[in-house]
Number of protein chains: 2
Amino acid sequence: MGGAGVTSAPGIAPGRVHLQAGEILCEQGRPALAAYPVRTGGLKGVYESQLGWRQVSRFFMPGDVPGLEAHDAPAYGISVVALQDTECCVVPIEAVQAGLANAELRAAALDIFRRQTRRQSELLIAIGSMKAAQRLAMLLLDLAGEQARRGVADSVLTLTMTRNDIASYLGLTLETVSRLLSRFRSAGLITVRHRLLRIVDEAGLAAVHADPERVTLRGPGVD
Amino acid sequence: MGGAGVTSAPGIAPGRVHLQAGEILCEQGRPALAAYPVRTGGLKGVYESQLGWRQVSRFFMPGDVPGLEAHDAPAYGISVVALQDTECCVVPIEAVQAGLANAELRAAALDIFRRQTRRQSELLIAIGSMKAAQRLAMLLLDLAGEQARRGVADSVLTLTMTRNDIASYLGLTLETVSRLLSRFRSAGLITVRHRLLRIVDEAGLAAVHADPERVTLRGPGVD
DNA sequence: CGCTTTGTTGAAAAGAGTCAACCCCGGTGG
DNA sequence: CCACCGGGGTTGACTCTTTTCAACAAAGCG
């Protein structure tokens with residue numbers, strides 16, 4: 001981990017970056033020089049608080065644009081790290097600004113921002129007042145939904161992130177996530193093997209998301 | 001509760017609004033017609049998720065500008081409710097837009113946005129990975145800090161919000177908040193009586209914020 | 001092929017939630 | 001003036017979820 005990163009380049013020119021798992025795309029607090037539309041792969045956004053707490057604050061998939069949130073800020077608000085082999089475009093900040101002058105593009109960008117902030121709000125609610133099972137169900141449905149929104153009509157998800165990343169994102173521990181996945185599986189809602197996950201019963205997952213009691217950590221599993 | 005609100009007016013004209021505790025300044029999802037700089041009083045921002053979960057997402061004090069976040073959105077992202085007698089200015093959305101054309105004002109607005117999003121991120125961290133005592137300590141320090149930032153050099157806070165609001169904001173229950181306040185008091189960190197709170201040992205509170213073990217719910221209090 | 005990282009599972013402990021009783025205070029109306 | 005009422009707050013006992021600690025299995029990588 002802790003690859004050279006991209007920001008080491010003296011001047012940012014348009015182009016492409018290729019990252020391997022663990023390599024850093026951009027670092028929180030560093031000057032925001034570019035946005036990085038994701039072409040392939042996946043990344044996580046990590047926020048580090050003033051006291052040094054770290055938390056995964058979002059996941060980036062193809063089509064997402066890490067660094068775009070900072071378009072009018074002097075520095076990146078989060079660090080972004082590749083979860084797997086990843087290719088991103090590099091759009092210098094001036095180009096972003098220029099693009100945002102175009103009304104159509106600006107509208108699109110605002111739309112992205114809105115979806116993002118709504119997501120953040122839902123996450124806050126989830127972490128603040130939902131039980132572990134609900135949070136995880138929500139994430140799975142969300143990931144599946146995003147995949148669908150990108151045109152992939154497949155109920156099989158490839159989790160690019162570790163259990164630890166998921167746990168951090170959801171405000172849980174990795175053990176809890178692991179247990180919950182097992183329980184979802186034995187409840188017939190999903191199948192999981194390592195990073196490969198298939199949603200078997202989407203409605204059931206949605207029910208779990210809505211109803212805390214539906215699948216708990218203890219209690220009788222499905223025999 | 002559920003007063004007529006301000007948005008019932010057919011057209012928004014510049015001016016003032018006066019709200020009593022419980023009255024609604026603006027409602028999530030309704031068209032964003034104005035921003036409302038707070039002159040006196042205090043309000044809470046409430047986000048309602050798609051499944052109907054509600055959570056206090058922030059508090060507004062004099063100097064804050066509810067509705068400003070929505071300056072480029074079609075609708076308010078949260079509902080804002082007065083916690084006490086409150087007076088706000090009314091700045092129609094067009095005026096906001098016009099003002100934002102001014103470079104100086106825009107910089108100021110961006111600054112506000114940045115502080116806001118940083119706050120949200122810290123809140124997410126807090127709720128996601130800190131213990132109850134840490135969260136509450138954080139809130140108290142934050143409130144005191146805001147008060148100081150507004151030039152009030154007084155260690156006495158007047159909590160305009162109920163324990164329930166605090167609990168919702170921190171992702172806890174009101175009982176937990178109450179207990180914790182009592183414990184902080186018996187630990188000599190604060191004095192509380194109803195809505196009046198004095199921070200006695202700021203460094204101690206900061207220590208609690210940093211260290212989970214410092215003040216717990218059970219365990220021996222200070223005799 | 002062994003080593004490290006990642007994931008699973010179990011048992012025990014702790015933190016926070018739930019349920020319920022009670023207090024305090026301000027307001028209202030007799 | 002006082003009794004009653006109700007919202008907000010406190011506190012206690014108990015329950016339950018989640019964390020913590022720990023051992024172990026599986027997979028990826030040199």
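Below, chains carry the letters A, B, ... as their sequence lines are ordered, and counting in each starts from 1.
Between the CD atom of A/Q134 and the C1' atom of D/dC16 there is a distance of 15 Å, given to the nearest Å. Residue B/M161 contributes atom CE, which lies 18 Å from atom C1' of D/dG7 at whole-angstrom precision. The interatomic distance linking A/D165 (CG) with C/dG7 (P) rounds to 8 Å, in whole Å. In this entry the distance linking CG of B/L180 with C1' of C/dG17 reads 13 Å, nearest Å. Across the protein-nucleic acid pair, B/F184 atom CZ and D/dT11 atom P stand 14 Å apart, rounded to whole Å. The interatomic distance linking A/M130 (CE) with C/dG17 (P) rounds to 15 Å, in whole Å. Between the P atom of D/dT19 and the CD1 atom of A/I127 lies a distance of 11 Å, rounded to the nearest Å. Residue B/L170 contributes atom CG, which lies 18 Å from atom P of C/dG15 at whole-angstrom precision.
Under the 3.5 Å distance criterion, with hydrogens and angles disregarded, a donor-acceptor pair is assigned to the side chains of A/Y47 and B/E122.
Using a 4.0 Å heavy-atom cutoff across all strands shown, B/R135 reaches no nucleic acid atom at all. Using a 4.0 Å heavy-atom distance criterion, B/L172 is classed as a sugar-phosphate-only contact. Nucleic acid contact for B/L174: none, since no nucleic acid atom lies under 4.0 Å from a heavy atom of the residue. Base engagement by A/S178 is indicated by at least one non-hydrogen atom pair under 4.0 Å involving a base atom.
Five base pairs at each end of the helix from C/dC1-D/dG30 to C/dG30-D/dC1 define two local axes, and these are offset by 30° (rounded to 10°).
Take the nearest nucleotide of DNA chain D for B/V192 and for A/G171: the residue whose nucleotide is more 5' is B/V192. For the pair A/R193 and B/R193, both in contact range of DNA chain C, the more 5′-proximal nearest nucleotide belongs to A/R193.
Shown here for B/A82 and B/L19, the closest heavy-atom pair between the two residues is CB-CB, 3.9 Å. Smallest separation of non-hydrogen atoms from B/R16 and B/C89: NE-SG, 3.7 Å. The nearest pair of heavy atoms linking A/E23 to A/H18 is OE1-O, 4.0 Å.
Taking 4.0 angstrom as the limit, A/T176 places a side-chain polar atom (N or O) nearer than this to OP1 or OP2 of D/dT19. A sub-4.0 Å separation between OP1 or OP2 of C/dG7 and a side-chain N or O of A/R195 is present. Here B/R179 does not reach the OP1 or OP2 of C/dA16: none of its side-chain N or O atoms lies under 4.0 Å away. Distances shown here put every side-chain N or O of A/T162 at or beyond 4.0 Å from the OP1 or OP2 atom of C/dT6. The phosphate of C/dT9 has neither OP1 nor OP2 within less than 4.0 Å of any side-chain N or O from A/R183.
Listed nucleotides: C/dG17, D/dA27, D/dG12. Nearest to the side chain of A/H194: D/dA27. Each of C/dA16, D/dG9, C/dC24 was ranked by its minimum atom distance to the side chain of B/R163; first place goes to D/dG9. When distances run from any side-chain atom of B/A132 to the nucleotides C/dT18, C/dC25, C/dA16, the shortest one goes to C/dA16. When each of C/dA16, D/dC21, C/dA20 is scored by its nearest atom to the side-chain atoms of B/E175, the top-ranked nucleotide is C/dA20. Picking from D/dT10, C/dA16, D/dT18 the nucleotide with the shortest atom distance to the side chain of B/S182 gives D/dT10.
A salt bridge links B/E146 to B/R119: one of the charged nitrogens lies within less than 4.0 Å of a carboxylate oxygen.
In this structure, the separation between CD on B/Q84 and CG on B/L43 is 8.0 Å, given to the nearest 0.5 Å. How far SG of A/C88 is from CZ of A/R39: 10.0 Å, rounded to the nearest 0.5 Å. A/D165 contributes atom CG, which lies 10.0 Å from atom CG of A/L174 (distance to the nearest 0.5 angstrom).
With sequence neighbours excluded, the residues that form a ring-ring contact (aromatic ring centres under 6.0 Å, His included) with A/Y169 are A/F59.
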